[in-house]
Asks: 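Here you go, one structure.
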Amino acid sequence: MYSKKVLEQFLHPKNMGSIKDADGVGKIGNIVCGDRMTLYIKVKSKNEKGKTVETINDIKFESFGCAAAIATSSMITELAKGKTLREALELNRETVAKELGGLPPIKMHCSNMAAQALHKAIEDYRNKLKSKNEK
Amino acid sequence: MTENKSKIYLDYAATTPLDQEVFEAMKPYFGEDFGNASSAHQFGQKARQALDKARAQVADFLGCRNEEVIFNSGATESNNLAIKGLVYKTKIQKSNVKGQNLPHIITSQIEHHCVLDTCKSLQESGLAEVTFLSVNKEGLVEVSSLEKVIKENTVLVSIMYANNEIGTVQPIEEIGKLIKKLNQSREQKIYFHTDAVQAINYLNCKVDDLGIDLLSMSAHKFYGPKGVGALYIKKGTPVKKIQDGGAHEYDLRAGTYNIAGIVGLGKAISMVNKETADRVKKLRDKLISGVLENVPNSKLNGSPEKRLQNNCNFSFPGAEGESIMMALDMEGIAVSTGSACASENLQPSHVLMALDLKLEESHTSIRVTLGKYTSDEEIDRFLEVLPKVVEKLRKISGSGQEAKKKLPDDFGC
């Protein structure tokens, strides 16, 4: 039912846990559908040739859900770590599923929300930055 | 087979392995004794003898007459035949109440899908009126609640003997007595059916003690082969066959006899014994207390006392059921789960929902069912592995003891 990669990520998830002083937090899911995850990011910004480049410096997740939900959470953290926010925003559920060697069709939606959580975390980071700058 | 040696099977409610002795008894009927039991020649008569013997074995187990046993393909078919067959044949004797001339069936909300869906199908086709009785928090049908919903046009009460998910044992004898008492002064007789699939190995199935008219069973739940079952139909119970064809099985079930399977069922049922049930119960009690002691914040679902000897069902808030099942499977331990994430339609188990369990509890449930091949060492190994699995998954979900308050969040799907 699950690919080897899914089982591997499920059994040995990377980057699990939370970041206390996270720059952005993304939450997705609810108890009715069963899966819930929270994604934490730390963003490093530096100036390169007059342009600000923001990179995901650290990323962690907490995930309550089936094996696929845990594997996709772990996979998104691996894919996003070290990427610029622009690159990270290009990651989607298809990328995650592909990297995992495919997911059972029924798991494609409900257990594959990690990319969405990442997008939310980036959005949260940008909102926080905006309100900080406005102050 | 060598691969299976280190594996631990704790899903006996799903199916049981075929007993070697049963397999030996079946073998000739796949080979030299291939005859059709409906044939009059010697080949056929040999098969007929085997059929008669198996029927006598089942009748002996149930304490009924041989001709009250109808062989078929399993419990799904038995339940369909019992319920549909009775409704098709029953004519409501009399009804003074408008709109109540349809036969009325009472069943419980925690029946197996083959009972629930059969009832729903009759209801949708306008052939019957159905009451789906709720159960209490332990999954028990309350006899007083049942009595309250009985109507003038009630023809059938169908309540399972023991639940497949939570193991709750229903008060079948008591319900039987109630129906017997009510029938003495009713014009429309009420018939009583029980789906005894999970009960055969563990509970008294003498039909006269139970006061039942119809009883379903399936061989693969008691170390017999898959694809064969039986329905007990008490003499005089109106049942119309639902699959048309030959006059097999007293004209109640058309189709060539699955002799090897029937022989296997007969042999398997003749081997059921109380000693095994008692031994399994001891192991189950050890498992339940071991889990409740060693896994913090764990809960036993169902009834602690009125519980099938081989059934355990737990919730471990913070650790999702499918994940627990998969992680145990990676350790070579097979269990099952009522979590929505593991079902084909992504719906949580209707049984757990009927118990009024919190969603969190149903998502985090696992069922562990034991059997005659379960050993003390296997329970030890399970008790060693499970706490680690639950702890790890709780860590991943960030819902360890210190973070419990995080659980009820809704972040939108």
Side-chain angles (χ1 to χ4, degrees), chain A residues 1-4 6-20 22 25-40 60-74 77 103-114 116-117 119-121 124, chain B residues 315-332 336-349 352-353 357-366 385 388-400 402-413:
Chain A
M1 167 187 177
Y2 287 131
S3 72
K4 269 189 182 165
V6 170
L7 292 177
E8 200 184 288
Q9 290 279 346
F10 165 62
L11 283 181
H12 309 288
K14 308 290 182 325
N15 307 308
M16 57 185 233
S18 62
I19 301 176
K20 274 193 178 153
V25 179
K27 294 181 177 187
I28 190 94
N30 69 34
I31 189 62
V32 178
C33 59
D35 293 339
R36 278 166 298 159
M37 80 169 290
T38 310
L39 204 75
Y40 306 85
K60 284 205 180 332
F61 81 90
E62 288 173 331
S63 192
F64 171 87
C66 64
I70 291 172
T72 53
S73 306
S74 169
T77 62
L103 281 174
I106 197 162
K107 300 283 183 184
M108 205 47 203
H109 173 77
C110 72
S111 309
N112 190 3
M113 305 181 297
Q116 239 173 306
H119 290 205
K120 279 193 167 189
D124 180 50
Chain B
S315 287
F316 304 107
E320 195 276 326
E322 196 235 36
S323 278
I324 301 176
M325 185 196 82
M326 289 303 299
L328 288 173
D329 191 37
M330 298 286 113
E331 293 283 339
S336 78
T337 172
S339 168
C341 299
S343 68
E344 281 171 19
N345 55 7
L346 298 179
Q347 294 295 313
S349 136
L352 298 178
M353 296 316 286
L357 242 64
K358 294 181 195 129
L359 273 167
E360 175 85 30
E361 290 171 336
S362 85
H363 282 305
T364 61
S365 75
I366 65 162
V385 174
K388 292 181 203 161
V389 163
V390 173
E391 196 192 338
K392 185 181 168 190
L393 291 169
R394 282 177 171 166
K395 212 170 145 193
I396 294 175
S397 74
S399 52
E402 75 286 350
K404 257 163 81 182
K405 58 182 184 300
K406 279 188 181 175
L407 288 174
D409 283 354
D410 178 355
F411 316 136
C413 236

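Each chain gets a letter, A, B and so on, in the order its sequence line appears, and its residues count up from 1.
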Asks: Does any backbone or side-chain atom of B:Met330 lie under 4.5 Å from a heavy atom of chain A? Answer side chain, backbone, both or neither.
Replies: side chain

Asks: At what distance, to the nearest 0.5 angstrom, does CZ of A:Phe64 lie from CD of B:Glu360?
Replies: 4.5 Å

Asks: Would you say the side chain of B:His363 lies within less than 4.5 Å of the side chain of A:Asp35, judging by non-hydrogen atoms?
Replies: no

Asks: Would you give the length of the straight line joining atom NZ of B:Lys392 to atom CG of A:Leu11, rounded to the nearest 0.5 angstrom?
Replies: 5.5 Å

Asks: Would you give the length of the straight line joining atom SG of A:Cys66 to atom CG of B:Leu393, rounded to the nearest 0.5 angstrom?
Replies: 11.0 Å

Asks: Is there a side-chain contact (heavy atoms from CB on, under 4.5 Å) between A:Leu7 and B:Met326? Walk through the geometry before answering.
Replies: CA-CA 9 Å; A:Leu7 292 177; B:Met326 289 303 299; 3.5 Å; yes

Asks: Heavy-atom cut-off 4.5 Å, strictly under: side chain, backbone, both or neither for B:Thr364 against chain A?
Replies: side chain

Asks: Side-chain contact test, heavy atoms from C-beta onward, threshold under 4.5 Å: evaluate it for B:Ile396 versus A:Phe61 and give yes or no.
Replies: yes

Asks: For atom NZ of B:Lys358, is the number of surrounding heavy atoms from other residues, nucleotides or ligands below 6.0 Å larger than 12?
Replies: no

Asks: Strictly distance-based, threshold 3.5 Å: is any side-chain N or O of B:Ser323 a donor or acceptor partner for the main-chain N or O of A:Ala67?
Replies: yes

Asks: Using heavy-atom distances under 4.5 Å, tell me whether A:Ile70 contacts chain B through its side chain, its backbone, both, or neither.
Replies: side chain

